[in-house]
Amino acid sequence: MSVPLYQAKAEMFRTLGHPVRIRVLELLQDGPRPVRDLLDEIEVEASNLSQQLSVLRRAGFVASYREGPLVMYALSTPDLAELLAVGRRILGAVLSDRDGLLDELRAHSQETSG
């Protein structure tokens with residue numbers, strides 16, 4: 001029996017719901033990178049990074065391959081970079097709406113107190 005689409009989407013977003021995983025995907029947007037470069041950029045223990053890369057690999061979000069002695073990681077699809085970009089736009093809109101609401105509340109407070 002197959003999983004309903006909404007359930008599969010929820011699982012996808014759960015997989016993305018970790019800051020280290022998001023950071024890895026952000027770093028891979030510019031192309032494949034070796035694990036050592038990811039470790040330099042993300043301040044976590046090697047074992048933690050390895051665990052998060054494993055989760056991303058099992059989900060099909062990243063692919064790994066060897067390039068000589070290096071283990072390289074790459075996004076499995078450029079659509080992941082687009083998803084991250086959309087996420088940034090949504091976050092920006094949500095945060096700007098909150099700022100607008102805060103400004104509106106402050107203006108309203110000044111009107112009623114003055």
Tyr65 atom OH, neighbour heavy-atom count above 12 within 6.0 Å: yes
From CA spacing to verdict: side chain to side chain contact (heavy atoms under 4.5 Å, CB included), Leu83, Leu16: CA-CA 11 Å; Leu83 179 62; Leu16 293 172; 3.5 Å; yes
For residues Leu84 and Ile90: do they belong to one hydrophobic cluster (side chain heavy atoms under 4.5 Å, members Ile, Leu, Val, Met, Phe, Trp, Tyr)? no
May I ask whether Ile22 and Phe13 are part of the same hydrophobic cluster, defined by side-chain heavy atoms of I, L, V, M, F, W, Y residues being less than 4.5 angstrom apart, directly or through others? yes
To the nearest 0.5 Å, what is the distance between [atom1] ([X]) and [atom2] ([Y])?
| X | Y | atom1 | atom2 | value |
| --- | --- | --- | --- | --- |
| Gln51 | Glu45 | CD | CD | 12.5 Å |
| Glu67 | Leu70 | CD | CG | 6.5 Å |
| Arg23 | Leu28 | CZ | CG | 10.0 Å |
| Leu91 | Arg89 | CG | CZ | 12.0 Å |
| Leu75 | Leu80 | CG | CG | 5.5 Å |
| Leu39 | Ser50 | CG | OG | 9.0 Å |

Which residues share a side-chain contact (heavy atoms from CB on, under 4.5 Å) with [X], sequence neighbours left out:
| X | value |
| --- | --- |
| Leu5 | Lys9 |
| Ser54 | Arg57, Arg58 |
| Ala10 | Arg14 |

Min side-chain heavy-atom separation [X]-[Y] under 4.5 Å:
| X | Y | answer |
| --- | --- | --- |
| Pro34 | Tyr73 | no |
| Leu27 | Arg33 | yes |
| Ile42 | Asn48 | no |
| Thr15 | Val55 | yes |

Over all atoms of both residues, closest heavy-atom pair of Gln7 and Val3: CB-CG1, 3.4 Å
Return the minimal non-hydrogen interatomic distance between Val20 and Gln52, and the atom names on each side. CG1-CG, 3.7 Å
Can you check side chain to side chain contact (heavy atoms under 4.5 Å, CB included) on Leu53 and Val24, steps first, answer last? CA-CA 8 Å; Leu53 286 167; Val24 165; 3.7 Å; yes
Measure from the side-chain N and O atoms of Ser76 to the backbone N and O of Ala63, and report whether any donor-acceptor pair falls under 3.5 Å. no
Can you tell me if Glu41 uses its side chain to pair, donor with acceptor, with the backbone of Leu38 under 3.5 Å? no
Given the rule in the side chain to side chain contact (heavy atoms under 4.5 Å, CB included) test, do Val71 and Arg66 qualify, once you have shown the distances and angles that lead to the verdict? CA-CA 5 Å; Val71 176; Arg66 284 205 169 273; 3.5 Å; yes
